[in-house]
Amino acid sequence: MKTLGKQTPQDVEGVPPWPAPDEADNASSTDEKMDPDSGVKRGLKNRHLSMMALAGIIGPGLLVGAGGALSNGGPASLIIGFGVIGIIAFSIMQSLGEMTTLYPGGGAFISLGERMVDKAFSVAVGWNYFLIWATVLANEYNVITSIMTFWSDTVPVWGFFLIFWFAFLAFQLLGVEAFGEAEFWLALFKILGLTAFFIFSIIYAAGGLIGQEDSLGFRYWRDPGPFNNNGFRGVATVFVFCSTFYAGVESVAVAATETRNPGRAVPQAIKQVFWRIIFVYMGSAFFFGLTCPADADDLTNGPSRALESPMTIAIQNAGWEGGVNLINAFIFITCLSACNSSIYIGSRTVLYMAQSGKAPRFLGWTDKRGVPLFAILLTNAFGALSMMNISTGASEAYTYIVNLSGVSTFLVWGSISFIHIRFRAAWKAQNRDPADLPFRSMLYPWNAYFGLAANIFLAFVQGWTHLAPFNAANFVDAYILLPLFPIIWIGFKFIKKTKFMRAEQVDLDSGRRVDLDKKGVVVSDESDVEGGAARPEKPWWKKITGAL
């Protein structure tokens, strides 16, 4: 991997090979904005990455999929599931933030898997991660075509699919700046929309709606009950749904290569994840369970042309039958963001894999504007999986695809924790000081080992509810991707004869780069940007929330 600037004898001691200010200033503006290793353009601003971390990828997975989770587990299970997966996600992001701030190169944790562990391991992680976004994208096309056919059935499902398929393809070809700007405003819209629903829920529960005779309170916690009569079995089922809802919090690492100032933007985005967990996920879990009964038939058995959201049912139960169109419009707009982001993440994943010999070489090509055309085409093609809803119905198709992506999320997250453990082992073996890291993971090593153990556990138990009574189809759907990881890892290792990296051999110097808007300055979470003076140690609550 290339490095910027000239190395000095200090590089051996762990000092980053940052380019001197005069060298950075002499670089042309065009060359400066293009990543020399991957060919992509560094066009994402700090605010783009922060908003992606706060509300990116949020779409049908949360707004529609939460209905299936609520139906299976009840309101208490929903809160428990979101809370447990949220703690795991926070742990993963701490590990990822430490590594990505230091190495914002293409491929993120996939390329770091090769550097810290083994190339075969990296291949397994990369293809599992790509499968997450292939299946998530299919689900988003499933939702967006279902909404359109709900509004008008004059155009068939496949017709709407083709219209949006070409529209999203055309938008992706505009470049990363267009993607970043669209995601910023769409994510802001999602935050405002959820805020409006939360306010409605508070008023509805308190009995403050016009014409409302009595307050709702916690009625649905009493009947059908906090666990919807399913006990721990329902809680276990919710974990699969929640893993899919949370998938995407790690996407800021994939976008780091195309960010102007990763040294500042990545730690800032990592800290936004805390508010995403508290406001978006925990807030949704609480208010969905408060305003929508878990035994509502439409949550899982809605019309074949529509996908019911807890938000839709809540508004209809409150007396506004026409509210379904308002919520569908909100879900439709979030779908635009979710589809756009899924294509972006999936295409960049396969792009970086191709450039490092983990995928067919032609997928690693980018045009002069830094757009990976072939990688985008391949990723978008997987959206055709959504067409299974023609024969199965939208709700059933959604459940099938969620189960496929859930186990892959646990495997990828567990791999990130393992890569972090290997990174710290190499850092220690080469006598590096953790205080030199621009961003340090909280509670290391406990958070990394917790993330590894929790994700392995959930990957194996997430489908146990299909064992008794045994349901062969659902069991295969839940576990079919689990053996894929070791098969790819062992198979590639056997064919290519790759070797496990020893801690003393790990390259800890290449792959760093200076922020474009802070030339020659190492932007550190623990140091002052202007003078490099050490800042006083922040209290734990400020580290978690990102408060200044």
* Asked: Do we see a donor-acceptor contact under 3.5 Å between the side chains of Asn455 and Ser417?
  -> no
* To do: For the residue pair Ile132 and Glu250, establish whether any side-chain heavy-atom pair is separated by less than 4.5 Å.
  => no
* Find the distance between CG (Leu62) and OG1 (Thr334) and round it off to the nearest 0.5 Å. => 9.0 Å
* Contact summary for Val238 and Ala69, nearest pair of heavy atoms -> CG2-O, 3.5 Å
* For residues Ser408 and Phe485, determine if any side-chain heavy atom of one lies less than 4.5 Å from a side-chain heavy atom of the other. => no
* To do: Please state whether the rings of Phe130 and Phe382 are parallel, tilted or perpendicular, taking 30° and 60° as the class boundaries.
  => perpendicular
* **Check: Gln430 side chain, Ala503 main-chain N or O, donor-acceptor pair, under 3.5 Å** => yes
* Asked: Any chance the side chains of Tyr281 and Arg276 put a donor and an acceptor closer than 3.5 Å?
  -> yes
* **Aromatic plane relationship, Phe179 with Tyr344 - under 30° parallel, 30 to 60° tilted, over 60° perpendicular** => parallel
* To do: Report yes if some heavy atom in the side chain of Val252 is under 4.5 Å from a heavy atom in the side chain of Thr259; otherwise report no.
  => no
* Test item: Trp365 side-chain N/O and Ala375 main-chain N/O as donor-acceptor pair under 3.5 Å -> no
* Asked: Do you know which two heavy atoms are closest between Ala448 and Ser91, and how far apart they sit?
  -> N-OG, 4.3 Å
* Is it true that Arg432 and Asp509 have a side-chain N and a carboxylate O under 4.0 angstrom from each other? -> yes
* Asked: Does Lys499 come within less than 4.0 Å of Asp118, counting only side-chain N to carboxylate O?
  -> no
* To do: Return yes when atom CZ of Phe279 has more than 12 non-hydrogen atoms of other residues, nucleotides or ligands closer than 6.0 Å, and no otherwise.
  => yes
* To do: Check Thr349 against Gly126 and note the closest heavy-atom contact, atom names and distance.
  => CG2-O, 3.8 Å
* Any side-chain heavy atom of Phe82 sitting closer than 4.5 Å to one from Phe286? -> no
* **Stepwise side chain to side chain contact (heavy atoms under 4.5 Å, CB included) test for Ser122 and Val117** => CA-CA 8 Å; Ser122 175; Val117 185; over 6 Å; no
* **Donor on one side chain, acceptor on other, Gln172 and Asn380, under 3.5 Å** => no
* Indicate whether any N or O donor in one side chain lies under 3.5 Å from an N or O acceptor in the other, for Lys496 and Thr498. => no
* To do: Could you tell me if the ring centre of Phe109 sits under 6.0 Å from that of Tyr129?
  => yes
* Atom NE2 of His420 and atom CG of Leu452: how far apart are they, to the nearest 0.5 Å? -> 12.5 Å
* **Lys119 to Phe121 six-membered ring, cation-pi geometry met (6.0 Å, 45°)** => no
* Could you tell me whether the side chain of Phe492 reaches within less than 4.5 Å of the side chain of Ile495, counting heavy atoms only? => no
* To do: Looking only at non-hydrogen atoms, find the nearest pair between Ala66 and Leu78 and report the distance.
  => O-CD1, 4.3 Å
* To do: Would you verify whether the NZ or CZ of Arg115 falls within 45 degrees of the ring axis of Tyr103 while also being under 6.0 Å from that six-membered ring's centre?
  => yes
* If you measure from CD1 on Ile110 to CZ on Arg348, what distance do you get to the nearest 0.5 Å? -> 13.5 Å
* Asked: If we ignore angles and hydrogens, is there a donor and acceptor under 3.5 Å between the side chains of Ser342 and Glu140?
  -> yes
* Asked: Using the ring of each side chain (for Trp, its six-membered ring), is Phe500 parallel, tilted or perpendicular to Phe418, with breaks at 30° and 60°?
  -> tilted
* Asked: For the side chain of Ser71 and the backbone of Gly67, is there at least one donor-acceptor N/O pair under 3.5 Å apart?
  -> no
* Asked: Would Asn72 and Phe227 satisfy side chain to side chain contact (heavy atoms under 4.5 Å, CB included), going step by step from the backbone distance to the final call?
  -> CA-CA 8 Å; Asn72 279 279; Phe227 295 98; over 6 Å; no
* **Euclidean distance, Ser251 OG relative to Ile345 CD1, rounded to 0.5 Å** => 4.0 Å
* Do any N or O atoms from the side chain of Gln272 and from the backbone of Ala53 form a donor-acceptor pair under 3.5 angstrom? -> no
* Student check: side-chain heavy atoms of Val249 and Ile92 closer than 4.5 Å -> no
* Can any side-chain N or O of Ser111 pair as donor or acceptor with the backbone N or O of Ala108 at less than 3.5 Å? -> yes
* To do: Kindly indicate, with the supporting measurements, whether the criterion side chain to side chain contact (heavy atoms under 4.5 Å, CB included) is fulfilled by Gln94 and Met442.
  => CA-CA 6 Å; Gln94 286 292 306; Met442 288 184 60; 3.4 Å; yes
* Can you check whether Ser347's main-chain N or O pairs, donor with acceptor, with Thr379's side chain at less than 3.5 Å? -> yes
* For Ser337 and Glu183, which heavy atoms make the closest approach, and how far apart are they? -> OG-OE1, 2.9 Å
* Asked: So do Leu131 and Leu484 actually touch side chain to side chain, heavy atoms under 4.5 Å?
  -> yes
* Asked: What heavy-atom pair brings Leu351 and Pro372 nearest, and what distance separates the two atoms?
  -> CD1-CB, 3.7 Å
* To do: To the nearest 0.5 angstrom, please state how far the CH2 atom of Trp413 sits from the CG atom of Asn128.
  => 14.5 Å
* Asked: Judged by atom type as modelled, is there a donor-acceptor pair below 3.5 Å linking the side chain of Trp427 to the main-chain atoms of Asp433?
  -> yes
* Are side-chain heavy atoms of Glu114 and Lys358 found at a separation under 4.5 Å? -> yes
* **Euclidean distance, Leu377 CG relative to Ile343 CD1, rounded to 0.5 Å** => 10.0 Å
* Got a sec: does the NZ of Lys493 have more than 12 other heavy atoms crowding it under 6.0 Å? -> yes
